[in-house]
Amino acid sequence: MPELPEVEIFRRYVDATALHQKIRSVDPRSTYILETAPRSMEQCLKGHAFDSTRRRGKYIFAALDDGDFLALHFGMTGSLKYYKDQADEPEYTRFLIEFTDNYHLALVMPRKLGAVQCVPSVEAFVQEKELGPDALEGIPDFGSFQHVLEGRKGMAKSVLMNQKIVAGIGNTYSDEILYQAEVHPKKSIDELDDGVLKTIFTKTGYVLRTAIDRNADPDCFPDSWLIPQRHEGGRCPQCGGEVRNIKVSGRSAYYCPNCQSL
DNA sequence: ACATTGACCTGAGAGC
DNA sequence: TGCTCTCAGGTCAATG
């Protein structure tokens with residue numbers, strides 16, 4: 001599921017493939033994910049080129065040469081594919097950009113839970129969505145982390161997943177972070193002492209950074225991690241006990257009842 | 001103002 | 001085989 005590490009890999013993919021090429025046409029296959037009208041979308045992109053990219057949480061912003069941005073969100077099934085021949089167009093292409101050199105950039109998304117739009121300013125967009133600081137780059141030290149959590153009362157997992165508090169962490173990585181910090185997903189955040197909070201902060205950086213270093217490919221994650229065991233019948237790498245699955249705010253949370261007690 | 005829940009989307013996989 | 005049901009988890013609106 002595209003959380004911060006996957007989205008960062010997508011961002012680098014755009015950097016490596018689709019920059020500095022003039023856009024010939026835009027083909028919105030699904031208006032459902034379009035948050036900018038098709039006409040203004042075309043006006044925004046056609047004849048322009050992407051200069052650079054930025055990421056905030058789970059959003060990518062591709063900067064156009066006239067100052068606008070294309071904002072991309074991948075929902076839970078989104079990905080990008082860059083290719084030349086029309087015959088190589090992936091199934092479930094929901095938004096398609098064609099460059100003047102005949103290459104294509106497709107937003108592929110079986111479930112239409114993502115979004116595409118043109119925005120004049122990243123800052124205004126972030127403000128409108130009330131996005132919190134980026135989980136990796138927006139929280140430089142433990143003091144900032146404490147500040148971000150100030151006054152929060154919810155369950156640890158829900159807090160980590162709340163994009164208005166910290167942007168970029170979703171269901172899968174919140175489980176990993178709490179597993180490594182040995183915190184029960186339902187533990188109230190305001191009941192944790194500074195030592196534990198500091199561990200959560202440290203593990204957040206470690207987990208996200210390591211995932212990016214390994215191409216956000218779970219097959220390459222360390223054996224000591226929960227994610228490879230995050231399924232029915234999975235075993236805790238630490239104690240060998242069975243991993244448990246419970247519902248936390250309507251999401252399925254995996255954890256080790258032995259290592260992460262309440 | 002905050003926390004929590006349910007709806008949306010649609011393919012995969014289970015069960016009958 | 002083929003139908004129905006449940007589940008996955010991103011965000012957002014509605015509810016507590």
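In what follows, every chain begins at residue 1, and chains take the letters A, B, ... in the order their sequences are listed.
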request  = With side-chain hydrogen bond (donor to acceptor under 3.5 Å, both in side chains) as the test, would you mind laying out the steps for A:Gln180 and A:Glu176 before giving the verdict?
outcome  = CA-CA 6 Å; A:Gln180 295 196 23; A:Glu176 186 65 52; 2.8 Å; yes
Report the distance from atom [atom1] of [X] to atom [atom2] of [N], rounded to the nearest whole Å.
{"X": "A:Arg56", "N": "C:dT11", "atom1": "CZ", "atom2": "P", "answer": "14 Å"}
{"X": "A:Phe74", "N": "C:dT11", "atom1": "CZ", "atom2": "P", "answer": "12 Å"}
{"X": "A:Asp190", "N": "B:dC2", "atom1": "CG", "atom2": "P", "answer": "14 Å"}
{"X": "A:Arg230", "N": "C:dA8", "atom1": "CZ", "atom2": "P", "answer": "9 Å"}
{"X": "A:Lys187", "N": "B:dA3", "atom1": "NZ", "atom2": "P", "answer": "17 Å"}
{"X": "A:Asn171", "N": "C:dA8", "atom1": "CG", "atom2": "P", "answer": "9 Å"}
{"X": "A:Glu232", "N": "C:dC7", "atom1": "CD", "atom2": "P", "answer": "11 Å"}
{"X": "A:Leu4", "N": "C:dG10", "atom1": "CG", "atom2": "P", "answer": "12 Å"}

ask   = Which one, C:dG10, C:dT11, B:dT4, comes nearest to the side chain of A:Ser158?
value = B:dT4
ask   = Nearest of C:dA8, B:dT4, C:dT11 to any side-chain atom of A:Ser252?
value = C:dA8
Taking C-beta and beyond as the side chain, do [X] and [Y] meet within less than 4.5 Å on heavy atoms?
{"X": "A:Asp68", "Y": "A:Cys118", "value": "no"}
{"X": "A:His104", "Y": "A:Asp88", "value": "no"}
{"X": "A:Tyr173", "Y": "A:Leu4", "value": "no"}
{"X": "A:Met161", "Y": "A:Val248", "value": "no"}
{"X": "A:Gln146", "Y": "A:Glu150", "value": "no"}

Any donor and acceptor pair, going by atom type alone, linking the side chain of [X] with main-chain N or O of [Y] inside 3.5 Å?
{"X": "A:Glu98", "Y": "A:Ser25", "value": "no"}
{"X": "A:Asp65", "Y": "A:Ala49", "value": "yes"}
{"X": "A:Arg214", "Y": "A:Cys220", "value": "yes"}

Contact residues, residues 142-153 of chain A to DNA chain C [heavy atom, < 4.0 Å] = none
inquiry  = Using a 4.0 Å cut-off on heavy atoms, which residues in residues 205-225 of chain A reach DNA chain C? List them by number, or say none.
reply    = none
remark   = B/S/- along nucleotides 9-16 of chain B (protein heavy atoms under 4.0 Å) is BBS-----
Aromatic plane relationship, [Y] with [X] - under 30° parallel, 30 to 60° tilted, over 60° perpendicular:
{"X": "A:Tyr82", "Y": "A:Tyr13", "result": "perpendicular"}
{"X": "A:Phe142", "Y": "A:Phe201", "result": "tilted"}
{"X": "A:Phe125", "Y": "A:Tyr59", "result": "perpendicular"}

task = Note the angle between the end axes of the helix from B:dC2-C:dG16 to B:dC16-C:dG2, five pairs defining each, rounded to 10 degrees.
result = 50°
Close N or O pairs between protein and nucleotides 12-15 of chain C (under 3.5 Å):
residue, atom, partner, partner atom, Å
C:dC12, OP1, A:Lys129, NZ, 2.7

message = The test is side-chain hydrogen bond (donor to acceptor under 3.5 Å, both in side chains); show your working for A:Arg111 and A:Thr77 and say whether it passes.
response = CA-CA 6 Å; A:Arg111 282 164 248 182; A:Thr77 58; 4.9 Å; no
ask   = Do the side-chain N and O atoms of A:Asp141 and A:Ser144 include a donor-acceptor pair separated by under 3.5 angstrom?
value = yes
Pair A:Arg29-A:Thr93, side-chain donor/acceptor within less than 3.5 Å = no
ask   = Are A:His73 and C:dG10 close enough that a side-chain N or O sits under 4.0 Å from OP1 or OP2?
value = no
inquiry  = Check this one for me: any side-chain N or O of A:Lys186 less than 4.0 Å away from OP1 or OP2 of B:dT4?
reply    = no
ask   = Atom CD in A:Gln260, atom OH in A:Tyr179: separation rounded to 0.5 Å?
value = 7.5 Å
query = With a cutoff of under 4.5 Å between side-chain heavy atoms, which Ile, Leu, Val, Met, Phe, Trp and Tyr residues group with A:Val108?
reply = A:Tyr92
